[in-house]
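Data first, discussion second: the structure below is written as structure tokens.
Whatever order the structure lists ligands and atoms in, that order sets their numbers, starting from 1. Numbers for residues simply follow the sequence, beginning at 1. Hydrogens, waters and symmetry mates are skipped; everything else that's a heavy atom, side chains included, is used. Note that this is a predicted model, so its numbers are computed, not measured.
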Amino acid sequence: MPYDADARTGLDPQDWAETRALGHRMLDDMLDWLEHARTRPVWERMPDAKRAELRTPLPERGTGLATIYEDFQRLVLPYGSGNEHPRFMGWVNGGNTEAGLLAGLLVSVFNANCAGRDHAAIEIERQVIAWSAEAMGFPPNAGGILVTGSSLANLIAVLVARRAALGPAVRQAGLRGAPLTAYSSAAAHGCIARAMDMAGIGTDALRIIETDADGRLIPACLEARIAADRRQGHRPFLVVGTAGTVDIAAFDPLEAIAAITARDKLWFHVDGAFGATCAFSARHRNKLAGLERADSLAFDFHKWAQVPYDAGCVLVRDRQLELDTFAQSLAYLQTAERGIAGNPPWPRDLGPDLSRHFRALKVWMTLRAYGAAGIGHVVDHTCEVAQHLARRIDNEPKLERLAPVALNIVCFRYSDAAGDLNEFNHELVADLQESGIAAPSTTTIDGKLAIRAGIFNHRTRFEDADAMVDGVLQLAEKRKRLAAISPAPSSGP
Ligand SMILES: *Cc1c(COP(=O)(O)O)cnc(C)c1O
């Protein structure tokens with residue numbers, strides 16, 4: 001029944017039974033959708049006609065929810081990016097779970113504003129931060145909050161490091177020309193440079209340190225650059241180590257970096273966006289040795305830990321410094337001794353957001369439903385699939401592996417084609433995505449365009465890796481046949 005403004009006060013339904021029946025149907029459909037992810041094509045391009053259907057003027061009057069849901073099923077649901085699918089292997093995306101799906105419903109109903117105040121959602125978030133600290137080797141009283149993702153978590157860490165370096169005055173007076181410099185490897189994520197930009201320090205102040213053949217920051221180069229900057233009057237303040245680089249999942253030598261930052265009194269931050277998830281795996285935890293010495297850590301629950309978007313986390317060893325970086329006193333947002341305005345400190349004093357949704361529930365439910373060991377098992381299993389994929393590629397004469405498989409990312413290319421292999425592989429990946437068979441992405445390694453398969457989805461099996469390789473080989477042959485007929489090899493198959 002559509003909403004009728006004249007007949008109602010407020011937005012609650014006139015007929016709750018009708019809403020209840022629709023809600024039950026939606027829940028059944030969504031559970032079916034997750035259960036049968038494997039049976040669909042990974043991805044299908046949204047047709048232009050359907051995109052056009054979405055372009056309507058602002059609706060003046062209400063539409064019944066049943067009609068809106070039909071539109072959702074027709075116009076939205078079939079055209080996702082496909083990251084719930086076991087053969088989605090692009091970028092770094094989580095796959096969702098039953099716990100995540102149901103948590104989403106509970107979060108919407110509870111509708112908590114997690115800026116602060118005295119309610120259960122704040123306690124759940126504190127518990128999630130304490131569990132995170134426990135898993136990552138941070139002290140039980142560490143600071144931290146949940147945020148949209150590692151991009152914001154890394155920005156928060158840069159701001160806390162900036163505050164630690166320059167003291168309280170930076171919050172009123174700004175940088176005042178302080179010649180701060182920070183350090184990360186060439187393989188660090190782009191959001192580190194962006195954080196430097198947004199923090200007002202500028203991307204030029206981020207020194208890019210060379211990596212070794214395995215993509216790991218070289219500590220001797222870091223030391224030399226810090227010393228050179230000091231000699232030239234700069235003020236080194238921050239080193240960012242990456243635990244799991246986006247291209248090939250390389251881990252910087254965190255212990256060696258910690259030794260340098262401890263000696264030189266620099267802030268040691270780790271971007272562990274997906275790699276920190278290894279903390280849940282007994283087999284892979286050793287890659288994070290040294291993380292327990294970091295001053296701060298950014299990581300995501302929405303990638304390898306499978307929590308639905310969005311769920312990033314920042315941990316700060318010294319919570320007081322995080323409070324010193326963000327706390328404000330505003331008359332209408334005062335905390336109190338008792339009543340709803342009690343229970344300080346509030347998340348709004350630990351980061352840049354005021355209103356925040358109840359992200360912690362889906363993380364709390366995920367960690368309870370599967371346990372730390374369950375997440376660790378996903379890590380172990382996906383790494384095994386990646387090793388299987390690497391062996392398969394190494395056994396295929398027409399495929400060339402382009403990087404070591406340190407963890408769960410496999411970079412390779414099809415090399416048995418005439419002409420520009422970068423162009424060929426670029427088109428091949430698009431062919432594969434459009435075929436619906438599998439969805440890897442691309443990256444560039446030593447100037448070579450690589451097909452990049454990141455195994456992040458807990459549903460991915462050995463046979464899915466094989467299906468992807470079969471798809472690559474088959475579509476490459478098709479592309480070569482077409483190229484032999486038509487002179488324009490980059491037009492679609
Ligand atoms: C994904 C990723 C980021 C960015 O995280 P978002 O959650 O997408 O903001 C940063 N660093 C690394 C290494 C990543 O993999």
Quick check: are there more than 12 heavy atoms from other residues, nucleotides or ligands sitting under 6.0 Å from CZ of R40? yes
Taking atom CE of M196 and atom CD1 of I201, what is their separation to the nearest 0.5 Å? 4.5 Å
To the closest 0.5 Å, what do you measure between OG (S185) and CG (D252)? 5.0 Å
Ligand 1: which residues have a non-hydrogen atom closer than 4.0 Å? G149, S150, S151, H189, C191, G244, V246, D271, A273, F274, D300, H302, K303
All ring-ring contact (aromatic ring centres under 6.0 Å, His included) counterparts of Y414, not counting sequence neighbours: F424
Distance check, rounded to the nearest 0.5 Å: H377 atom NE2 versus H458 atom NE2? 11.0 Å
Taking the six-membered ring of F412, is NZ or CZ of R401 closer than 6.0 Å to its centre and within 45° of its axis? no
